[in-house]
Amino acid sequence: MTTTPPNLEELRKEIDRIDETMHGLLIERSEIIGRLIAVKKSQETGSAFRPAREAEMMRRLVKRHRGILPLDTVESIWRVIIATFTYVQAPFSVHADLSAGDASMRDSARFHFGFTVPFIPHMGAAGVVAAVSESKGDLGLVPAAAVAGAGAWWSALEFDAAPKIIARLPFVERPDHPAAFPVFVLSRVAADAMATDATVWSIRVSGWGAGAAQALSMQADFIAAPDRAFDGAALLVTLPKDVTLETVNRTLVKAGATVRSSALVGSHATRYTVAAEKSP
Ligand SMILES: O=C(O)C(=O)C[C@]1(C(=O)O)C=C[C@@H](O)C=C1
């Protein structure tokens, strides 16, 4: 007995059925928002963003994905879904520092937050920090890498009421990521919503030099801005889960630097790296 392959019309009917189901599920997802708002009271506390929950969701998404649909596509669809659902709970804007490159920062902002969330460009991290500080629940995006002349913008995060670093993008890292530019996300979110695996510290040192930089780079990622007043540097140091501030202090002292002050300025999920996607 021969079976005839399905014709184009039948296959399109299948696609229409699946599209309708997916759309229906998104509408069903949006119907939960009202109840979420009541539970989270995000209207009062500002941002509805829950970085720890999002990092965990993105990891599960990557783990269960299979088939020919590129991971890039799946990741970006879910980023837009989650960011937009955050926005409809409590509207916010994304302030982005374009001083290290307009295209790469915009790609990251659009990939992770979509087009519904307003995008506000700034020239410099300090402007982003100020805008987020003055807002109720806005997000700031700043390069998670040294930018010449940027200064120690993270000093402004040291005060209790200041926004903090709450995430590092991309959530899912891979060599060919379409929005690979490393970005810190700044905002004010409830302490219990923070991802706390990696902690980010603002550390001022004197006696800073190549030796101290080399020693520190073995233990942590960091950005250094020269601090001429103390012949030293202002550092933004990200400590992985298993490295303590005491260990870093000891390392710096051993390498000839003096630690003048340290303040916690944020935390984020452990970086999650997956293999590069194979081209179809
Ligand atoms: O789980 C929550 O608290 C939500 O608000 C839902 C949701 C989502 O759309 O899945 C949206 C924003 C949060 O950052 C995390 C997840």
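As the structure lists them, so they are numbered: ligands from 1, and atoms in each ligand from 1.
Both Leu264 and Leu235 sit in one connected hydrophobic cluster of ILVMFWY residues. Membership requires side-chain heavy atoms under 4.5 Å apart, directly or through other members.
Phe181 is linked by a ring pair (Phe, Tyr, Trp, His ring centres under 6.0 Å) to nothing, counting only residues two or more places apart in sequence or in another chain.
Salt bridge status for Arg50 with Glu56: absent, with no side-chain N to carboxylate O gap under 4.0 Å.
Residues with a heavy atom under 4.0 Å from ligand 1: Arg29, Leu36, Lys40, Ala48, Phe49, Arg50, Arg53, Glu54, Met57, Ile82, Phe85, Thr86, Gln89.
Other members of the cluster containing Val132 are Val128, Val129, Val142, Trp153, Trp154, Leu157, Ile165, Phe184, Leu186, Val200, Ile223, Leu236, Val265, with ILVMFWY side chains joined at under 4.5 Å, either directly or via other members. The other members of the hydrophobic cluster of Met22, by chain and number, are Ile18 (side-chain heavy atoms under 4.5 Å, ILVMFWY only).
Here the CG atom belonging to Leu216 is positioned 9.5 Å from the CG atom belonging to Asp221, to the nearest 0.5 angstrom.
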